[in-house]
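Residue numbers begin at 1 in each chain, while the letters A, B, ... track the order of the sequences.
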Amino acid sequence: MPLKFGPISEQVEQMAESATAVARHDLLAETQKLLRQADPAALRATLSSRRQPFPWLVAEPVDTFSAVFPAPTPPPDFSVVAADGSFIPPDRHSPLRFYVINTGCAVITYGQYPDAHLDSAGRLYFEDAELYLDPTGRRVPIEGERLGVYMAVEEMRTLREALGLASLPAVALRDGSLILWALQRKDEPEVKQAFLAPFISCLDDFLRAGVPVASYISYTGSQEVVNALRVSLCRDDPARCDHCSLSADQRDLCHFLGTLRDRYLFAGILTDGDRSDLFCSRSAILDEYGKHRVRFFYLNVGGEIARIEAPEWVMADQAMLDLVHGLVYDQCQRSGDYPPYPPVLMEAHEQAVINTTERRVVEQLIEEALAHRGMTYIRSAKDRSKRSRGV
Amino acid sequence: MTDESMTNEAMTKSQMAKSQRIGEIVETSTTGFVAVSKTLHQPPALGSLVKVQIGGEDYAYGVVAFGTTTSPDPGRRAVPRASDEVYDEAIYAEQPQLSRVLHTEFTAVLVGCFEEGAIRQHLPPQPPRLHYDVHECTADEVCRFSERLVYFRLLLGTQGEVPAEQLLAAHIRQVYRARGRDAAWLERAARQVTSLLRDDYDRMMTVLYGIEPGD
């Protein structure tokens with residue numbers, strides 16, 4: 001039945017009213033003041049001395065909270081390499097269980113010898129050992145979040161292979177976090193084992209090649225720095241808000257911080273091309289990243305705040321850090337009339353995407369291959385009723 | 001009408017190999033084909049004569065009727081990229097990926113064929129094959145094909161992006177140049193146009209104005 005827009009439009013008005021309230025503007029200014037005044041050393045001491053986990057993910061400033069760095073000029077000749085992936089997930093309405101992963105890569109070289117290489121590689125997975133972790137034991141299906149992690153591993157492999165076509169200096173970029181959040185679940189050790197090792201192995205290869213690898217997160221939803229300010233503001237235990245000794249104004253600010261995203265905070269601090277100082281992510285899975293522990297900074301790419309993540313061996317090397325900062329910003333300047341977004345990531349995405357027609361072709365290939373062997377491809381009754389809707 | 005055959009030297013395979021490969025067919029039909037140009041931004045000239053092999057020593061002739069440069073993905077459109085400092089050719093150095101995500105296509109309408117050792121000015125019996133190369137015709141081939149002008153009827157009967165009379169005028173200009181500005185041939189072509197379009201003054205004049213030598 002059609003969506004009834006009457007009640008929804010009222011709720012839209014209420015949401016817009018809430019998002020644009022004047023009080024939020026004043027509290028944002030207070031937050032920016034707090035960013036400039038908060039003591040990073042004191043916060044680092046608090047973080048290292050606390051035994052219990054914090055109720056929120058808190059970033060740790062490597063140096064300062066509020067230093068700003070303008071974009072370095074890129075070298076005259078350089079390459080940017082990117083990889084992206086997409087998948088057709090297992091479909092419970094299909095008589096056969098399979099999934100498809102397609103990875104795309106783009107290598108663009110700028111300067112005296114401009115060039116571009118775009119390619120994709122797809123694979124259909126159908127063997128038991130490919131569909132399940134521990135296929136003879138627990139049979140943990142590779143689907144949902146796990147499939148997303150597997151795709152991230154394949155993207156990193158593609159990114160690593162594409163390096164061979166790049167001219168140095170180069171930066172390797174991927175879309176989406178380097179932090180494999182989904183592996184933090186303690187009840188699935190075989191998932192972590194299966195996916196983390198190959199991912200780390202790819203990062204090892206980048207380190208050996210001396211090529212910085214970074215991830216680009218557009219319109220980041222992170223609250224890690226804001227949460228750090230919340231901890232900084234707190235006089236008691238951040239996990240026990242019922243025992244708060246802050247003044248009413250400070251409680252309002254703390255409550256506001258709970259709703260604020262880092263991108264809004266830094267939008268008022270960073271001008272075009274500027275990056276923030278560096279922060280360490282304290283996500284639990286990073287304990288297993290070793291020397292590839294992830295750090296990040298925020299970057300004003302011209303109209304948007306992006307989050308750039310990279311292993312600490314990149315961020316601790318001034319030349320690599322400047323290269324990542326300079327080339328990522330340079331990429332976003334080349335978007336033309338598009339919104340600022342790295343063309344190399346855009347092209348990698350275009351290579352990776354599997355459109356509806358292509359999904360149907362895969363289904364058709366399977367149907368024909370089965371028919372050739374005397375088997376009819378019949379999907380579930382529920383799915384068939386959705387595809388051929390009637391009254 | 002008698003068999004429209006002409007005596008000509010057969011085209012050898014080595015001559016075919018010498019003529020330049022300029023595109024690959026991606027759509028084909030009885031009346032024409034669409035090809036992707038080997039070089040971005042450089043389709044063969046409007047009205048020029050091209051050929052494609054259709055089997056053994058036989059090939060079909062076509063007249064280039066349209067050209068365009070776009071993204072092969074219909075969901076992607078060109079967006080402005082120029083700035084005060086970067087424009088025209090410099091945009092392609094600034095955005096190297098453009099050469100990989102754009103292609104140039106051209107359309108050709110079929111106007112004849114070379115089969116069984118003779119040039120014939122009617123539609124070939126079979127459409128050209130997908131993925132076959134398109135070759136530009138040498139000046140020699142253009143001269144031989146254009147000795148008879150019966151195929152002008154085929155050109156005037158086409159319906160495409162470019163009005164048929166504009167296409168015919170473009171083709172006559174191309175042939176005139178390939179024949180070394182052969183004034184006698186141009187006069188014959190003009191008389192043929194007058195004869196074919198005598199009942200449509202506007203279209204006739206469009207062609208005649210379009211083929212004035214001017215030099």
*Asks:* Let me confirm one number: the CG-CG distance from B:Asp73 to A:Asn355, rounded to the nearest 0.5 Å.
*Replies:* 8.0 Å

*Asks:* As an exercise, state the distance from CD of A:Gln333 to CD of B:Glu94, rounded to the nearest 0.5 Å.
*Replies:* 10.0 Å

*Asks:* Check the surroundings of atom CZ in A:Arg123: do more than 12 heavy atoms from other residues, nucleotides or ligands lie under 6.0 Å from it?
*Replies:* yes

*Asks:* Are A:Asp115 and B:Arg100 close enough that some pair of their side-chain heavy atoms sits under 4.5 Å apart?
*Replies:* yes

*Asks:* Looking only at non-hydrogen atoms, find the nearest pair between A:Tyr110 and B:Pro96 and report the distance.
*Replies:* CE2-CD, 3.4 Å

*Asks:* With distance as the sole test, does B:Gln95 use its side chain to make a donor-acceptor pair with the main-chain N or O of A:Arg334 at under 3.5 Å?
*Replies:* yes

*Asks:* Taking atom CD of A:Glu358 as the centre, report whether more than 12 heavy atoms of other residues, nucleotides or ligands fall under 6.0 Å from it.
*Replies:* yes

*Asks:* Any idea which heavy atoms bring A:Ala116 and B:Gln97 closest together, and the distance?
*Replies:* CB-CA, 3.5 Å

*Asks:* Verify the neighbour count for atom OH of A:Tyr125: are there more than 12 heavy atoms of other residues, nucleotides or ligands below 6.0 Å?
*Replies:* yes

*Asks:* Taking the side chain as every heavy atom from C-beta outward, state whether A:Glu347 and B:Val101 have any pair of such atoms under 4.5 Å apart.
*Replies:* yes

*Asks:* Around A:Arg359, counting heavy atoms of other residues, nucleotides and ligands shown, do more than 12 lie under 6.0 Å from its CZ?
*Replies:* yes

